[in-house]
Amino acid sequence: MPQYKVAIVGAGPAGYFAAQALQNLQSDELQFTIDVVERLPTPWGLVRSGVAPDHPKIKTVAKVFEKVATAGNFRLFGGIELGTDISIEQLKEMYDAVVIATGSALGKKLGIAGEDLPGSISAAEFVPWYNAHPDFADFNVDLSCSTAVVIGAGNVAMDVARMLALEPSELDSTDTADHAIAALKASSIREVVISARRGPEHAAFTSPELRELPKLEHTNVLMAKTDIESAIERAGSEIEKDTKSNLDAMLLISEKAATGHDRTMRFQFLSTPIEIKGVDKVEEVVFQKTGSDEKFSIKCGLVITAIGYEAASIPGVPYERGKVVNNEGRVSENLYVVGWAKRGPSGVIGTNKSDAADVMKLLVEDLKEAKNSGDISEILPANKFVSQANWEAINAAEIAAGEPLGKPRRKFVSREELHQIARN
Ligand code: NAP
């Protein structure tokens, strides 16, 4: 019976769904061993370091990942970086197929003056910081100002704004990084402006996320009713279903009377950022009313851009416009790509399931004779990587540490600490 070896690079949702698809494609005639190589000592990708901590339900998909990981023929090689510890060429040589599932880790830039001033950061930094990503343990977020501006009208902008505008004690029962809870408790920010360059009818928010905003217990959420009414008019009667449910949700928000809360999240539309001003740090953002010459500015000390992501490149893999160059997931001889690295940063976690399944079907079509030419465990010293058993020790330790505090888990942040727990 042919036994094929597949290496998946990246233990995020796309990587697990690719592994699951391969497991599902197995038959008496076709068997796989799957090795997943992950840069961090912890798996789960965006489910661990992207999903907002106040959205624990979304994270329950991790149960599916653990089922895949323990179904047999699956090995995790955590803490192993492609390009440093092992090269793509080595993987391609040893494995029958290699699947890139490394996502899109870099925040897109606005490309306007002042964007590099201190106090102007990307959601690609802020989100992993509050989610205890080891690379951002020492990231410095200055929350000493009273107003923050979040640029972008997607769900990431919404997550970022909500995290800044929530009453921070609401995060005590979540798996938010300890350092972020402490910083948010000390934060002076009381107004968060979410700024969209187009109208409400073009916003990329999804309606479940909009519908939860009026339920925030300690935050005013403000939208101008005239903005939403004009958008409804512009959208007309041929309106798409998703746009309609978004506008319905926004109308409800705009009709809710302002409350006396200390913290406010305010939406502005049709505002294009044209410059970030400040002497040594951010002091204001200048906007142009989209479609007109009218300018206005907002004084603030923090700007967070949440305008999409690009894939970080891997040596030996062709990239173009922030994505791996591919044809329906095929990159080159025995090399494939799935998830955001393949199609760009769009869709929810579940979108990766059908996407990965489609690519794995192509991978199976392309299989030749099984290579049997070794695997990564022959190159890496045994104590160099975090195995599935090591990760299970970390996972159990985090859950145990969170329990007395009423948290689903208390995340360990530093690589050293994570490796140490893995070894115990
Ligand atoms: P997104 O949904 O693509 O939204 C990006 C936003 O940035 C858009 O509003 C876009 O406006 C704006 N933008 C882009 N370039 C800009 C520029 N130069 N200046 C000003 N605005 C600009 O991306 P995302 O928010 O990063 O989310 C990525 C994916 O993850 C989405 O599919 C999202 O739904 C998903 N996600 C889901 C959840 C959830 O389910 N709870 C949470 C987080 C993320 P234009 O439309 O005008 O280009």
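Glu66 and Trp44 are linked by a side-chain donor-acceptor pair at a separation below 3.5 angstrom, with hydrogens and angles left out of the test. Side chains of Gln388 and Glu392: a donor on one and an acceptor on the other come within 3.5 Å.
Between Ser271 and Gln268 the shortest heavy-atom distance is CB-NE2, 3.6 Å. The shortest non-hydrogen separation linking Pro13 to Leu46 is CD-N, 4.0 Å. Annotation for Ala52 and Lys59: closest pair O-CE, 3.8 Å, computed over non-hydrogen atoms. Of all heavy-atom pairs spanning Val36 and Ala11, the tightest one is CG1-CB, 3.7 Å. Taking all atoms of both residues into account, the shortest heavy-atom contact from Met250 to Ala203 is CE-CB, 4.0 Å. Residues Phe74 and Ala19 come closest through the heavy atom pair CE1-CB, 4.0 Å.
Listed by chain and residue number, Asn220 satisfy the side-chain hydrogen bond (donor to acceptor under 3.5 Å, both in side chains) test with Thr264 (two or more places apart in sequence, or in another chain). With sequence neighbours left out, the side-chain hydrogen bond (donor to acceptor under 3.5 Å, both in side chains) criterion links Ser297 to Glu284.
A salt bridge is defined here as a Lys NZ or Arg NE, NH1 or NH2 lying under 4.0 Å from an Asp or Glu carboxylate O, and Lys407 with Asp175 fails to meet this definition. Between Arg39 and Asp135 there is a salt bridge, since at least one side-chain N of the basic residue sits less than 4.0 Å from a carboxylate O of the acidic one. With salt bridges taken as basic N to acidic carboxylate O contacts below 4.0 Å, one links Glu398 and Arg409. Ion pairing between Glu209 and Arg162 fails under the 4.0 Å rule for side-chain N and carboxylate O.
Side-chain contact between Ile181 and Pro168 is absent, with no heavy atoms from C-beta onward closer than 4.5 Å.
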Practice task
May I have the step-by-step check of side-chain contact (heavy atoms from CB on, under 4.5 Å) for Met94 and Ile86, ending in yes or no?
Solution key: CA-CA 11 Å; Met94 290 186 291; Ile86 190 156; 4.0 Å; yes
Handout entry: Candidate pair Ile80 and Lys384, rule side-chain contact (heavy atoms from CB on, under 4.5 Å), full reasoning
Key = CA-CA 8 Å; Ile80 298 301; Lys384 164 86 187 163; 3.7 Å; yes
Practice task
Verify side-chain contact (heavy atoms from CB on, under 4.5 Å) between Val193 and Phe287, making sure each step is shown before the conclusion.
Solution key: CA-CA 13 Å; Val193 180; Phe287 293 94; over 6 Å; no
Problem - Test log, rule side-chain contact (heavy atoms from CB on, under 4.5 Å), inputs Phe267 and Ile228 - result: CA-CA 11 Å; Phe267 289 76; Ile228 314 304; over 6 Å; no
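For the atom pair CD (Gln90) and CG (Asp375), the distance works out to 12.0 Å, reported to the nearest 0.5 Å.
For residues 176-193, every residue pair satisfying the salt bridge (Lys or Arg N to Asp or Glu O under 4.0 Å) rule, not counting sequence neighbours, is listed here: Asp172-Lys185, Asp178-Arg410, Arg190-Asp262, Glu191-Arg266.
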